[in-house]
Amino acid sequence: MSTVTLESAREHRVTVPSLARRKQRGETLSMLTAYDFTFARLFDTAGIDVLLVGDSLGNVVQGQETTLPVTIDEIVYHTRLVSRATRRALVVADMPFGSYQISSEEAVRNAVRCVKEGGAHAVKLEGGRAVAETIERIVRAEIPVMGHVGLTPQAVHRMGGHRVQGRGDAGARRVVEDALAVQEAGAFAVVLEGVPADLAAAVTGELAIPTIGIGAGVHCDGQVLVMHDMLGLSDWTPSFVKQYASLGSVAAQAARRFAEEVAERKFPDPAHSYR
Ligand code: KIV
């Protein structure tokens, strides 16, 4: 007789409560960005816990210099593709610039779209104390929120570039206060981006919710990377990125061979033609 209960079946899907339990047990979690069905399915099958439909799609999918032009319609569209492919991972939609800054009402409306039209299980938004009230409003609408503090790419112009945050006493205090504000507002997890490893370790020890680091050292509860960076599909990657594959050169080589075989009339050969 099968011993699969509803509870054990639920355990297979990564959920907001299961991530909280992981932190309590001292277990780590993995998060990758995904923007389409094909990669979402690969990462989900590989056991990645959280798939983030990041507004980094502005950089790596659209070829823009910053994430600022990404729209809520684009995030909803890509979230739908990722959700469709996912059986186990928690899907988080990244709220783009302009979709939550104007008013809490608009933020809730856009977060609802991510869940209702995109199929997201949660949303992420950047900022600490400044967005705490907005996080509270979205959480009250029963939508789990992931925070994002430290280097927040949507604040690129205020920061004067993509600069490491939290250096010096005042900088470190700001990051700690932002992370605490996000937790207090009801976020279930927080991304710590571009902060010194010691500071990320201290914040991780201070918070009850999981921290997910990117360029924040090894002591966070989880780690996230942009898929194009870790798969070797980007022209340039920051120094904190580890490249786990070189798909860019594999794809370029395949395209070159295809072009050569077309030019030489070697493709399609009889094995790849209908009779
Ligand atoms: O948009 C994104 O990919 C992100 C990650 C870098 C955390 O926010």
Side-chain angles (χ1 to χ4, degrees), residues 19 28-36 39-40 43 48-72 74-79 81-82 89-101 110-111 114 118 120 122-128 131 135 144-156 159 161-166 175 178-179 182 187-195 200 203-204 209-217 220-231 233-234 236-243:
L19 292 179
T28 58
L29 67 104
S30 56
M31 175 159 104
L32 282 176
T33 65
Y35 316 97
D36 68 18
F39 278 104
F43 297 159
I48 297 299
D49 298 310
V50 184
L51 296 184
L52 171 68
V53 186
D55 64 353
S56 51
L57 79 86
N59 307 112
V60 297
V61 176
Q62 298 175 339
Q64 318 244 33
E65 277 190 13
T66 71
T67 59
L68 301 180
V70 174
T71 67
I72 186 69
E74 289 162 351
I75 289 290
V76 168
Y77 169 77
H78 286 275
T79 302
L81 310 187
V82 168
L90 188 87
V91 177
V92 179
D94 204 5
M95 297 191 68
F97 181 65
S99 70
Y100 59 93
Q101 287 88 349
N110 285 323
C114 291
V123 299
K124 174 169 89 56
L125 47 96
E126 295 183 10
V131 294
I135 293 177
V145 176
M146 178 180 283
H148 183 159
V149 305
L151 194 171
T152 47
Q154 291 176 22
V156 59
M159 296 182 301
H162 293 95
R163 300 185 189 290
V164 172
Q165 302 294 298
V175 171
D178 279 341
V182 158
F188 71 94
V190 62
V191 170
L192 298 180
E193 178 166 356
V195 298
V203 173
T204 300
I209 58 174
T211 60
I212 306 174
I214 175 161
C220 297
D221 297 302
Q223 297 291 332
V224 55
L225 284 175
V226 170
M227 58 159 276
H228 288 65
D229 293 343
M230 60 86 71
L231 292 178
L233 288 164
S234 306
W236 174 87
T237 51
S239 60
F240 63 78
V241 170
K242 180 167 174 184
Q243 218 173 284

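Counting starts at 1 for both ligands and their atoms, in listed order. In this chain, numbering begins with 1 at the start of the sequence shown.
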| remark: Honestly, for Ile214 the part within reach of ligand 1 (heavy atoms, under 4.0 Å) is side chain
| Are any of the N/O atoms in Glu126 less than 3.5 Å from those in ligand 1? | no
| task | Specify whether Tyr35 and His78 have parallel, tilted or perpendicular ring planes, treating 30° as the upper limit for parallel and 60° as the lower limit for perpendicular. | result | perpendicular
| query | If you measure from each non-hydrogen atom of His148 to ligand 1, which part falls under 4.0 Å: side chain, backbone, both or neither? | reply | side chain
| Which value, rounded to the nearest 0.5 Å, describes the distance between Asp36 atom CG and Met227 atom CE? | 6.5 Å
| said: With nothing but distance in play, are any N or O atoms of Glu193 less than 3.5 Å from an N or O of ligand 1? | reply: no
| task | Considering the heavy atoms of Lys124, write down every atom of ligand 1 situated less than 4.0 Å from one of them. | result | 8 (O)
| Counting only heavy atoms not in Tyr77, do more than 12 fall under 6.0 Å of its OH? | no
| request: Report, in ascending order of atom number, the atoms of ligand 1 lying under 4.0 Å from any heavy atom of Ser56. | output: 1 (O), 2 (C), 3 (O)
| request: Evaluate the criterion side chain to side chain contact (heavy atoms under 4.5 Å, CB included) for residue pair Arg163 and Leu151; output intermediate values, then yes/no. | output: CA-CA 7 Å; Arg163 300 185 189 290; Leu151 194 171; 5.7 Å; no
| Heavy atoms only: which of Thr33, Val53, Leu52 is nearest to atom 7 (C) of ligand 1? | Leu52
| remark: One finds that the ligand 1 atoms under 4.0 Å from a non-hydrogen atom of Gly54 are 1 (O), 2 (C), 3 (O)
| query | Would you say Met31 touches ligand 1, if touching means a heavy atom closer than 4.0 Å? | reply | no
| said: Checking side-chain polar atoms at under 3.5 Å, does Asp229 have a donor or acceptor matched by the opposite partner on Ser234? | reply: yes
| message | Would you say that Thr33 contacts Phe39 through its side chain, given a criterion of any heavy-atom pair below 4.5 Å between the two side chains? | response | no
| said: With a 4.5 Å cut-off on side-chain heavy atoms, are Leu90 and Phe188 touching? | reply: yes
